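Note that this is a predicted model, so its numbers are computed, not measured. Chain identifiers are assigned alphabetically (A, B, ...) following the order of the sequence lines, protein sequences preceding nucleic acid strands; residue numbering begins at 1 within each chain.
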Amino acid sequence: MTGNIANKNNDPELIQRFKNGDVTGFNEIVRKYQQQVYWVIRKIVQDHDEADDITQEVFIKVHSALKDFREESNLFTWLYRIATNYSINHLRKARVRNTVSVELVVEPIESKDKGADEAIDDESRRRYLEEAIETLPAQQRAVFNMRYYDRLPYDEIAEILGRSTGGIKANYFHAVKKIGEYVKGKIEY
Amino acid sequence: MNSKLNIEEIQLLIPDYISGELSDSERSLVESALSESAELNEFYIEMKETLNFVSSVKFTEPAPQYWNTLLPRIHEKIENRQSKGFSWDNVTALWKVLVPVAAVILIALVYFLVKPSATQLTEEKKIEKITNDTSGDNNNVKEDKQEENQEDRKDEKSIVNEQKKESVNDAAENRSYIIKKYWVRYYDEIVKDETANNVTDRSYENMKIEQIVLDDDIEGTSIFVTDENSGLDDETINELKKLDDNERSLLLEELVNSNL
């Protein structure tokens with residue numbers, strides 16, 4: 001998927017159709033952006049089921065608010081902002097509920113007798129990356145996903161999150177650095 | 001751009017340099033800095049290993065049919081919430097209104113329960129005012145009473161004084177009466193003697209003066225002789241006998257000062 005920027009050209013038409021009472025305008029918007037929205041959320045919250053729930057809530061929000069959408073920003077940026085904010089809020093609520101440290105549940109990789117290349121399978125890599133991403137503050141996590149996976153320009157990320165471009169660049173740099181520091185303590189590249 | 005002076009800015013560019021997201025000018029700037037700085041080059045290697053690891057990790061894709069079921073499930077949720085008239089957003093909005101209103105009502109209730117009402121306050125103020133007024137009146141009353149008492153005492157004193165005066169006057173009058181009575185009788189006897197002895201008025205006056213002069217030594221005179229030879233009737237004699245020493249001295253003093 002990931003990284004594909006949807007065609008924004010017919011967005012105003014879809015929006016207008018929905019405002020005129022044609023539900024097919026909304027349906028096309030969902031089909032057009034559902035994967036991008038899902039992966040934005042999935043990269044932030046990591047879990048599929050949580051990503052699925054949040055994706056549905058994002059489009060329900062779009063359904064209720066699209067009539068009032070003034071198109072000051074493009075639809076894609078608006079969807080991205082909603083998805084990112086919902087994901088960040090979900091993470092913050094989850095962190096309040098679950099105060100168990102990630103360090104306590106991580107199995108040390110050194111306990112395995114196999115060599116690093118053999119021991120670190122795809123599942124383990126995915127798990128350590130998820131854990132590394134989970135150590136990031138919510139905004140850094142969102143910035144990392146938008147920049148690394150979706151290749152969004154810094155100014156567009158800044159617009160989505162309502163931050164300065166310089167701050168977003170710093171967020172991305174620190175996110176990559178923290179992920180490297182976490183993973184480096186777990187495996188040998 | 002001097003890489004030594006801008007090493008932090010170069011570091012910020014390195015992740016995008018690895019991902020191939022930099023412009024040509026930015027890329028050449030980073031490459032120049034990397035060739036000059038071993039420290040920066042080491043940092044670049046670590047960043048590249050990290051991003052290579054991230055890119056090697058494959059997220060498990062949802063099942064292909066998942067994308068076909070997402071839209072129907074979204075519509076199902078929308079319809080369920082619309083049919084039930086239930087929306088978490090509405091609930092949230094409702095609570096945003098209800099909670100402050102409930103808080104205000106609760107505070108108002110507590111306020112009115114704990115603190116006395118305006119009417120009570122007014123009544124209390126009235127009571128307080130009345131109390132103050134009463135106390136003021138009491139003070140005034142006290143002052144008035146004190147004044148009255150003082151006046152009463154004055155009156156009592158004056159009454160007592162008057163009574164004393166009256167008693168004194170009575171005593172004086174009594175004494176005066178006795179004296180007059182005495183002198184009238186004395187005068188009558190003189191007139192009798194004068195008639196008998198043909199004494200002139202002039203000689204009578206002289207005799208009165210002589211008598212008064214003689215009375216200077218009042219203790220030695222026979223005026224208060226109350227025996228049968230005093231020439232007084234029994235009533236006068238009895239009254240003279242009732243007089244104590246002070247009254248007698250007062251009587252004598254008045255006799256001396258009188259024009260009789």
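Listed by sequence position, A/V23, A/F26, A/N27 are the residues of residues 20-28 of chain A in contact with chain B, using a 4.5 angstrom heavy-atom cutoff.
Salt-bridge annotation for B/D16 and A/K169: absent, with no side-chain N of the basic residue lying under 4.0 Å from a carboxylate O of the acidic one. Taking a cutoff of 4.0 Å between a charged side-chain nitrogen and a carboxylate oxygen, B/K77 and A/E57 qualify as a salt bridge.
When side chains are defined from C-beta on, B/F59 does not count as touching A/H48, because their heavy atoms never get closer than 4.5 Å. Contact annotation: the side chain of A/Y182 never approaches that of B/T50 to less than 4.5 Å [non-hydrogen atoms, C-beta and beyond]. A/D52 places a side-chain heavy atom less than 4.5 Å from the side chain of B/R73. At least one side-chain heavy atom of A/K184 sits less than 4.5 Å from a side-chain heavy atom of B/E46.
Checked against the 6.0 Å centroid threshold, A/Y128 and B/F53 do not count as a close aromatic pair.
Heavy-atom pairs under 4.5 Å with chain B peak, among A/R126, A/E130, A/Q34, at A/Q34. Interface check for chain B: of the options A/Q46, A/R147, A/R31, A/H63, the most heavy-atom pairs under 4.5 Å are formed by A/R147.
How far OH of A/Y38 is from CD of B/E61: 8.0 Å, rounded to the nearest 0.5 Å. Note that CG of B/L12 is 12.0 Å distant from OH of A/Y172, once rounded to the nearest 0.5 Å.
Under the rule for a side chain to side chain donor-acceptor pair (under 3.5 Å), the partners of B/E21 that lie at least two apart in sequence or sit in another chain are A/R151.
For A/V176, the parts sitting under 4.5 Å from any heavy atom of chain B are the backbone and the side chain alike.
Between the side chain of A/Y148 and the backbone N or O of B/L51 there is at least one donor-acceptor pair closer than 3.5 Å.
Summarising the local packing, CD of B/E42 is surrounded by 12 or fewer heavy atoms from other residues, nucleotides or ligands at distances under 6.0 Å.
A donor-acceptor contact closer than 3.5 angstrom links the side chains of B/S56 and A/R125.
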